[in-house]
Protein chains: 2
Amino acid sequence: MATIQDVAKAAGVSAMTVSNVINNHPNVRSATREKVLEAMARLDYRVNVAARNLRKGRTGTVGLAVPEVNSSYYGQLAAAIIAAAERHDLRVCIEQTGASRENELDALSLSRNRLYDGLILSTVGMGQADVERLKVDYPVVILGERIFGGPVDHVAMPNVDASQAATHHLIERGCRRIAVLRGPVTDEVDVSSLRHTGYRQALRAAGLPEDPDLVQTLHALTLRAGAERARGMVESGLDFDGVFCVTDTVAMGVLRGLADAGVRVPRQVKVIGFDNIEESEFLVPSLSTIDPDHDMMAQRAVDLLARRIEQTDPGGSESTEREEFVSDFSVVVRESTGGTGGPG
Amino acid sequence: MATIQDVAKAAGVSAMTVSNVINNHPNVRSATREKVLEAMARLDYRVNVAARNLRKGRTGTVGLAVPEVNSSYYGQLAAAIIAAAERHDLRVCIEQTGASRENELDALSLSRNRLYDGLILSTVGMGQADVERLKVDYPVVILGERIFGGPVDHVAMPNVDASQAATHHLIERGCRRIAVLRGPVTDEVDVSSLRHTGYRQALRAAGLPEDPDLVQTLHALTLRAGAERARGMVESGLDFDGVFCVTDTVAMGVLRGLADAGVRVPRQVKVIGFDNIEESEFLVPSLSTIDPDHDMMAQRAVDLLARRIEQTDPGGSESTEREEFVSDFSVVVRESTGGTGGPG
DNA sequence: TTGTATGCGTTATCAG
DNA sequence: CTGATAACGCATACAA
């Protein structure tokens, strides 16, 4: 493999000049530049990123720690983040944490030994008690629900408000006995608890009672769990006419489970989810849901991280206050709540 | 940031000894080891991976170039590959190529400037004409359909056989006018052409005519394209009683489109897909499909790549013949072809 | 068992 | 505008 030295020799210049050409420094005569470029092409020169990283103290790569990529939600989030990072000339390396607190702390505390310039961490296992662990000396952006007021930038969804809006939408459509399908109860503030809170607020605002039987706790927010629970709810004779699912994935399972149980959606039961994953529009019936503007969230998370990374530069700008960004949202009305919104 | 030198000073030993401790070399007295570990902990020492990479000429990271991660299929593939890579102590960095030939060649010819020890490349844009470009001096494994007999290891699906089996299944179930929904016709051997071939073989084997009207070419293998085309087929009065979709994503769209058009599946039309993405089981009706054993494919791809990487080591084993691995497959019968296979 | 010296390939500094 | 020198942090011969 040709090095800068080899190129320099071949072009009859110094290594420094080659480096200047590579990095588009202005002070290079175009004749010299030509010579160097020719030599580089001839020797098929490639920069050695490891050497450059060592010298610059920067890798041009950020880590993205998410529970998994093989789910619609995180897959789409990852894609949006990769795209946003590209605009900052950053690569993205994905770490799968499996939603375990240990793995999240791992990704955080090591950040893979400074393999990354910064880390975007989607917290679903860590909690408020771990907030101290966020005090690390490299750029971190938290993407998620479980940590607030931490020492790092934070991008979150409007979970409570949006869930209230979703539930309110069901009420508007005439539902009076609305079930909520949520994840396990922990002592953390997580996606489920926040969205559950929004659900309760909507019931209260409408003067509807909160029936504990209508609170359905799943062991995991999966297709299968949603399907099984929906079937179980019908078979057990539970009286309900609406379902608010804390994720679209669960809602998709619920649609399947209700179909199994012979319940018609939206006629007998209306269903709404949360996330607006791509598939929702194409289900039968198409799924009403909350759209939290993922692209914007991804963009902001990357922008914040990139800013922090720049701040660690020698000539970087002043360190600024920690930022908390909450995305916008909208209610997407489709067939599962009586809308007409199938695809196209 | 503490370096090995700082630790050495703090522990009263040489940098060499610290290095030995870090890398678990045997020849260190345990007393010395303790001292060093204590100093490392006290200074919060982290190895500088850039320096180590430069020194070792190896990064411990492999690239995975796929068209996108925000699709069920590639998301699930990526997850499987990340998991398999972990077993080899390799990190995975995902490059999204957007299915463009240029980006694929890019990922290949640079391999990001030796940022990766090797590359798993899912080819959907490159073609046989680009086979020369695969002659690079670092480990590459091709995952896909469009390149055969190339100079690198190759992991592929049993596209033709499996598609024949899928179509045969429709025939068995009584279909006589079976449409195929495929991607754009190129002059390459790609997913669509191979699976289309399998479809034709099944028709021929059953003595069924090949009606060109039943060959439906989509501009893209997306949910929307599938849905729109299915609707169009019904509205145009096309006579068909079965659909073979070259991917589950398209099939999912088709189920939606047929529902829009008021066509009952499986009663009036039977549908089968290809890939067995996770969602297929939970659709209404659940989707029959081909399961090509993705985990096995991912595992093999990573194993092959890891082997090549080892071979580039100074003390590495002999270079071996290029390998071509074709996965197994099975037909998964669910409701969309009259099976009972809903979830649970 | 531990230490010394050297170089991996690049770029920042500063001198010419 | 170009070049010499040094240093980034680590790991490896080799010496002690």
To the nearest Å, how far apart are B/K35 NZ and C/dG3 C1'? 13 Å
Residue pair B/V36 / B/R33, side-chain heavy-atom distance below 4.5 Å: no
Hey, is the side chain of A/T17 poking within less than 4.0 Å of OP1 or OP2 on D/dG3, counting only N and O atoms? yes
Atom of A/E321, atom of A/D153 and distance for their closest heavy-atom approach: O-OD1, 4.2 Å
Can you check side chain to side chain contact (heavy atoms under 4.5 Å, CB included) on B/L90 and B/L305, steps first, answer last? CA-CA 10 Å; B/L90 288 167; B/L305 191 66; 5.7 Å; no
Checking A/T97 side chain against A/V66 main chain: does a donor-acceptor pair fall under 3.5 Å? yes
Protein-nucleotide distance (B/L115, atom CG; C/dG9, atom C1'), rounded to Å: 15 Å
A/N53 CG to D/dA7 C1', in whole Å, measures 16 Å
Close side-chain approach of B/M126 to B/L134, heavy-atom, < 4.5 Å: yes
Return the value, rounded to whole Å, for the distance between atom NZ of B/K9 and atom C1' of D/dG9. 13 Å
d(CG, A/L54; P, C/dC8) in whole Å: 13 Å
Does B/N48 use its side chain to pair, donor to acceptor, with the backbone of B/A51 at less than 3.5 Å? yes
Mind listing the N/O atom pairs, protein and nucleotides 10-12 of chain C, below 3.5 Å?
unit_1	atom_1	unit_2	atom_2	d
C/dT10	OP1	A/Y45	OH	2.3
C/dT10	OP1	A/N48	N	3.1
C/dT10	OP2	A/I4	N	2.6
C/dT11	OP1	A/N23	ND2	3.4
C/dT11	OP1	A/R52	NE	2.7
C/dT11	OP1	A/R52	NH2	3.1
C/dT11	OP2	A/S19	OG	2.9
C/dT11	O2	A/R55	NH1	2.7
C/dA12	O4'	A/R55	NH2	3.1

